[in-house]
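Take a look at the structure below.
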Amino acid sequence: MNEHWWRSAVIYQIYVRSFADSDGDGVGDLSGIRSRLPHVKELGVDGIWLTPFYPSPGADHGYDVSDYVDVDPQFGTLDDFDALVADAHRLGLRVIVDIVPNHTSNEHQWFRNAVSDPQHPDRARYIFRSGRDGEPPNVWTSAFGGPAWTLDDASGEYYLHLFTPEQPDLDWHNGRVREDFEEILRFWLDRGVDGFRIDVGQALYKAPDLHDVHQPEPRPAFADWHTGINQAEVHGLYRSWRRLADSYPDERMYVGEVVLENQVELAKYVRPDELQLTFNFTFLYEDWNAKALRARIDRTLEAFGAVGATASWVLENHDVTRLPTRYGGGEEGRRRARAATLLLLGLPGAAFLYQGQELGLEEVELPDELRQDPVFFRTNGARKGRDGCRVPIPWSGGPPGFGFTAGSPWLPIPADWTALSAEAQEGSPQSSLALHRAALELRRRIDALRTGSFAWRASPSGTLLFERASGNETIVCVVNLNAEHLQLPDGELLLASEPAPGNLLPPSSAAWTRV
Ligand code: GLC
């Protein structure tokens with residue numbers, strides 16, 4: 001079967017400011033990434049996704065873009081970008097870039113024009129409305145705390161921002177917004193990118209009546225409750241984007257950051273003529289619970305299968321607490337995270353890994369005075385924010401730079417990460433790095449694991465057992481979440497996240513067996 005590359009791809013997310021710093025300013029950059037591509041290649045993934053590196057005032061660390069077709073000087077130049085793509089392609093790695101179409105920076109020329117002159121045509125690119133009885137136009141809230149509207153003093157109108165006030169939302173009903181983004185996509189496609197990760201993919205179109213939607217308390221992780229977004233029009237837009245990508249050679253692709261829990265609704269984004277992939281956060285927000293995980297997997301496979309789409313799986317990114325910490329931290333959290341790696345990479349479909357996940361890094365507890373995430377400030381500290389998963393990568397050596405920087409890292413790297421550095425884990429067969437490399441190597445080599453069919457097998461409660469089969473090869477993935485020791489199936493043990501003496505798999509571990 002001629003398999004589309006993205007259907008079973010493993011993509012490695014690079015959070016640009018925290019990956020590798022080439023010039024000693026303590027912030028990662030594109031040249032730094034180039035120098036560390038061999039690590040990514042050796043890990044064995046199919047490609048990288050770069051978080052935004054475009055010019056940005058940095059109100060949300062790059063997710064507030066002031067120019068969509070350039071590189072922020074702190075990350076390098078367009079030449080550096082071209083060189084990075086060329087290096088990646090030479091190594092056989094695809095390059096996905098982040099596109100942020102829901103909002104611009106308030107320093108984007110469009111927004112500057114919009115506020116400097118209410119008659120300026122660029123005003124219509126944004127959502128300006130009169131208030132209601134001295135209050136904002138509706139009760140919508142920002143995902144980062146506080147109201148979703150800010151008063152533009154000069155005109156007396158409010159503008160909408162689903163995130164910070166420095167990230168005004170675009171009005172996608174405006175034809176020029178649509179035309180300009182097509183040009184932006186072309187700009188990067190022409191430079192050779194293999195695809196785009198679409199930021200806040202469900203939110204671009206707002207209900208034209210901007211009706212009141214009351215936010216549940218606490219704010220849910222998923223956006224299903226918000227009837228003012230996830231509008232039908234967005235699918236027409238993505239169809240046109242798909243046609244654009246398909247007009248280029250070599251299967252360029254999109255992955256949507258669509259934060260919906262309802263899998264049927266989510267699968268609409270990956271119908272055959274829309275996006276190829278969407279993140280599926282339902283898995284990420286689930287506990288270490290066999291029954292619950294199994295139900296999530298079933299719902300995903302059923303809904304995605306119904307539209308002929310490939311599923312995708314993700315456990316970490318730059319917005320969520322690191323996996324070992326979510327799973328309880330310490331030794332137990334570490335074991336569960338290792339086991340979850342074999343679950344993640346054993347499931348059918350595409351998978352995403354976040355930088356540092358391969359090293360088993362835990363969330364960093366930062367002192368409040370070092371925090372930078374707007375989530376922390378906009379909620380007055382009620383939500384700690386996402387800095388703890390964005391601490392730079394420990395490559396080698398020790399504090400302060402850990403091979404990440406010759407200077408002082410923009411967030412401090414914990415002194416006790418010396419033993420977790422890529423260099424320290426290199427050559428240790430028990431390390432998290434070795435486990436990830438071995439799993440990815442098997443997945444590349446064994447068709448059954450990468451593209452084979454999927455079926456559950458019966459297993460005791462507290463465990464998950466499924467098979468992947470292709471031709472006459474069958475691999476069984478066994479996850480013992482919290483049962484007593486679980487007997488491994490007869491066959492050849494390919495990989496286990498913990499030692500399984502006597503073929504008994506202990507709790508909080510997983511294995512792949514060829515049967
Ligand atoms: C997405 C990004 C997140 C960002 C937000 C606003 O959720 O992953 O980091 O803050 O969009 O652009």
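Just follow the structure's listing: the first ligand is 1, and inside any ligand the first atom is 1. All values below were derived from every heavy atom in this structure, side-chain atoms included, with hydrogens, water molecules and symmetry-related copies excluded. For clarity, every value in this text was computed on a predicted model and none was experimentally measured.
Close approach of ligand 1 to R390 (heavy-atom distance below 4.0 Å) involves ligand atoms 9 (O). Close approach of ligand 1 to R386 (heavy-atom distance below 4.0 Å) involves ligand atoms 3 (C), 4 (C), 9 (O), 10 (O). Near H103, the atoms of ligand 1 lying under 4.0 angstrom from a non-hydrogen atom of the residue are 6 (C), 12 (O). The atoms of ligand 1 that sit less than 4.0 Å from any heavy atom of V200 are 11 (O).
Side-chain contact of D64 with S56: a donor-acceptor pair under 3.5 Å is present, judged by distance alone. Looking only at atom types and distance, the side chain of T282 has a donor-acceptor partner in the side chain of R296 under 3.5 Å away.
F19 does not carry R36 over the face of its six-membered ring by the limits of under 6.0 Å from the centre and within 45° of the normal.
When only non-hydrogen protein atoms are considered, atom 4 (C) of ligand 1 lies nearest to D60 OD2, 3.3 Å. Looking only at heavy atoms of the protein, atom 12 (O) of ligand 1 is closest to D199 OD2, 2.7 Å. Of the protein's heavy atoms, D319 OD2, 2.5 Å lies nearest to atom 8 (O) of ligand 1. Protein heavy atom at the shortest distance from atom 7 (O) of ligand 1 is E257 OE2, 2.8 Å.
You'll find the ring centres of F75 and F81 outside the 6.0 Å limit. Aromatic ring centroids of F187 and Y68 lie 6.0 Å or more apart. No close placement of the Y159 and Y126 rings is indicated, their centers lying 6.0 Å or farther apart.
With a 4.0 Å heavy-atom cut-off, ligand 1 is reached by no atom of H161. Proximity of H61 to ligand 1, defined as any heavy-atom pair under 4.0 Å, is not found for any part of the residue. Contact annotation: for Q13 versus ligand 1, there are no heavy atoms closer than 4.0 Å.
The main-chain N or O of R125 is never found under 3.5 Å from a side-chain atom of R176 such that the two would form a donor-acceptor pair.
One distance of note links NE2 of H39 with CZ of R437; it measures 7.0 Å at 0.5 Å rounding.
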